[in-house]
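All residue numbers refer to positions in the sequence shown, counting from 1. Note that these values count all heavy atoms, side chains included, but never hydrogens, waters or copies made by symmetry.
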Amino acid sequence: MDGYEQRSLTEVRKTVRRLRSGQGIHAPASLLPGVMARLGLADAYARIDAPIGPVFVAYNAEGISTVVRATNPAEFERLFRARFGRNVYAVPELPAGLAQAVRRQVAGTPASLHFDLRGLSEFERAVLLKALEIPRGEVRPYSWVAREIGRPKAVRAVGSALAANPVPLLIPCHRVVRSDGHIGSYIFGSENKRAVLQAEGAEPELIETLARAGVRYYAHAESGTFCLITCGGEHRRSDPDRVAYRSERDALAAGYRPCKDCRPAALA
């Protein structure tokens, strides 16, 4: 903690003592918003660069509360208040450790991040936490997420939960595609979804080409298993012994077992 933050923290402690004594006071104008955020007294935010352009990242003591594209800070603050019903305060930059983790996650490398998902339902949190498990360079269909969280019939609800993701890019809803294999929509627009997937090495154009051809799974006689097309970068490999299937039912009927990594079907 630097000297400025230490002085601000001292002011916070004095404020808390005065509040406890019942004195009517106002928070000092010099109170550092970042310190308030760390103590759970407010949300703070700063702008960072991302593959889709600049985004605003807000955080508090619980974790990162939102990631939003906005034309300027005033617009971001308006959008934040409209969604969360509370104010948010600008800081010059994110705390160093948080900024490093955010940049790692935005680049597609898993990082240790905490998220403030308090305003979401249990179902919505389950959907977003499942999306966090999808590896960089791979995609999963909405139906996969629904089955994985124990709600196989809730495919449309999964799509709605992902569309309302408060922390896109960091919780990678862009790695979830339509159940027919096509890339689908995205909070920041379908073109940005393709751009982020391309930056992560998923090759969205190839995924779309396979979707149009009806290729949804690949199987290998040697292993006796079948996978989702992007499992471990499967779609980028050239393998003459690989067999393509349109449905998990066809692959199962041919005697193949589901891959234990990508889990293309319910495991026995």
field: Glu62 versus His114, side-chain donor and acceptor atoms under 3.5 Å
entry: no
- request: Can you measure from CG (Leu128) to CZ (Phe115) and round to the nearest 0.5 angstrom?
  value: 9.5 Å
field: Shortest non-hydrogen contact between Tyr217 and Ile229, atoms and distance
entry: N-CG2, 3.7 Å
- prompt: Strictly under 6.0 Å, is that where the ring centroids of Phe56 and Phe76 end up?
  reply: yes
task: Evaluate the side-chain contact (heavy atoms from CB on, under 4.5 Å) criterion for residues Ser179 and Val155: first the C-alpha distance (whole Å), next the side-chain angles of each, then the deciding distance (0.1 Å), finally the verdict.
output: CA-CA 9 Å; Ser179 292; Val155 176; 3.9 Å; yes
message: For a side-chain contact (heavy atoms from CB on, under 4.5 Å) check, start with the C-alpha distance between Asn60 and Arg86, then their side-chain angles and the critical distance, and finish with the verdict.
response: CA-CA 12 Å; Asn60 56 47; Arg86 60 184 187 266; 3.7 Å; yes
query: Do the non-hydrogen side-chain atoms of Leu117 and Pro166 ever get within less than 4.5 Å of each other?
result: yes
- prompt: Which atom names give the shortest non-hydrogen contact between Val91 and Ala46, and what distance separates them?
  reply: O-CB, 3.7 Å
message: Under a plain distance cut-off of 3.5 Å, with no hydrogens placed, do Tyr89 and Glu77 share a side-chain donor-acceptor pair?
response: no
query: So, do Glu248 and Phe226 sit near enough that their side-chain heavy atoms are less than 4.5 Å apart?
result: yes
query: Take atom CZ in Arg178; do more than 12 heavy atoms of anything else shown fall under 6.0 Å from it?
result: yes
query: How many angstroms lie between SG in Cys231 and CZ in Arg263, if you round to the nearest 0.5 Å?
result: 9.5 Å
statement: Residues Val88 and Tyr45: closest non-hydrogen pair is CG2-CD2, 3.5 Å
field: Phe84 with Val68, same ILVMFWY side-chain cluster at under 4.5 Å
entry: yes
message: Can you confirm whether the side chains of His220 and Glu234 place a donor and an acceptor under 3.5 Å from each other?
response: yes
- prompt: Does CZ in Arg103 sit with more than 12 non-hydrogen atoms of other residues, nucleotides or ligands closer than 6.0 Å?
  reply: no
message: Does Arg249 have more than 12 heavy atoms from other residues, nucleotides or ligands lying within 6.0 Å of its CZ?
response: no
query: For atom CZ of Arg246, is the number of surrounding heavy atoms from other residues, nucleotides or ligands below 6.0 Å larger than 12?
result: no
Ser65 and Phe80, any side-chain heavy atoms less than 4.5 Å apart: yes
query: Is Val106 linked to Val67 within one hydrophobic cluster, defined over Ile, Leu, Val, Met, Phe, Trp and Tyr using a side-chain heavy-atom separation of less than 4.5 Å?
result: yes
query: Should Glu222 and Asp241 count as side-chain neighbours, where that means a heavy-atom distance under 4.5 Å?
result: no
query: Would you say the side chain of Ser190 lies within less than 4.5 Å of the side chain of Ser185, judging by non-hydrogen atoms?
result: no
query: Is any NZ, NE, NH1 or NH2 atom of the basic residue among Arg194 and Glu208 found under 4.0 Å from an Asp or Glu carboxylate oxygen of the other?
result: yes
query: Should Val57 and Phe188 be counted in the same cluster of Ile, Leu, Val, Met, Phe, Trp and Tyr side chains packed under 4.5 Å apart?
result: yes
message: Donor-acceptor check, side chain of Glu203 to backbone of Gln198, threshold 3.5 angstrom: yes or no?
response: no
- line: Heavy-atom closest pair (Phe123 atom, Ala161 atom, distance to 0.1 Å) is CE2-CB, 4.3 Å
message: A side-chain contact here means heavy atoms from C-beta on lying under 4.5 Å apart; do Cys259 and Pro264 qualify?
response: yes
message: Can you confirm whether more than 12 heavy atoms, excluding those of Glu133, are under 6.0 Å from its CD atom?
response: yes
message: Show the nearest heavy-atom pair for residues Ala111 and Gln105, with the distance to one decimal.
response: N-OE1, 2.9 Å
- request: Would you give the length of the straight line joining atom CD1 of Ile183 to atom CD of Glu191, rounded to the nearest 0.5 angstrom?
  value: 10.5 Å
statement: The residue among Val176, Val145, Ile171 that forms side-chain contact (heavy atoms from CB on, under 4.5 Å) with Lys130 is Val145
field: Residue Glu75 excluded, over 12 heavy atoms near CD under 6.0 Å
entry: yes
Minimum-distance pair of heavy atoms, taken over all atoms of Ser223 and Thr225: OG-OG1, 2.8 Å
field: Between CZ on residue Arg69 and CG on residue Leu169, distance to nearest 0.5 Å
entry: 9.5 Å
- request: Spell out, as yes or no, whether a donor-acceptor pair under 3.5 Å connects the side chain of Thr230 to the backbone of Val139.
  value: yes
message: For a 4.5 angstrom cut-off between non-hydrogen side-chain atoms, does Leu162 reach Glu124?
response: no
- prompt: Can you find a pair of side-chain heavy atoms, one from Arg140 and one from Arg175, that are under 4.5 Å apart?
  reply: no
query: If you measure from the Lys or Arg side-chain nitrogens to the Asp or Glu carboxylate oxygens, is any gap between Arg118 and Asp116 under 4.0 Å?
result: yes
task: Any chance you could measure His235, atom NE2, to Arg242, atom CZ, to the nearest 0.5 Å?
output: 10.0 Å
statement: One should read off an interatomic distance between Leu113 CG and Tyr59 OH, to the nearest 0.5 angstrom, of 13.5 Å
- request: Treating Ile, Leu, Val, Met, Phe, Trp and Tyr as nodes and any side-chain heavy-atom pair under 4.5 angstrom as an edge, say whether Leu206 and Val196 lie in one connected cluster.
  value: no
- request: Go through the steps for Asn165 and Val167 under the test side-chain contact (heavy atoms from CB on, under 4.5 Å), then give the verdict.
  value: CA-CA 6 Å; Asn165 179 9; Val167 281; 3.6 Å; yes
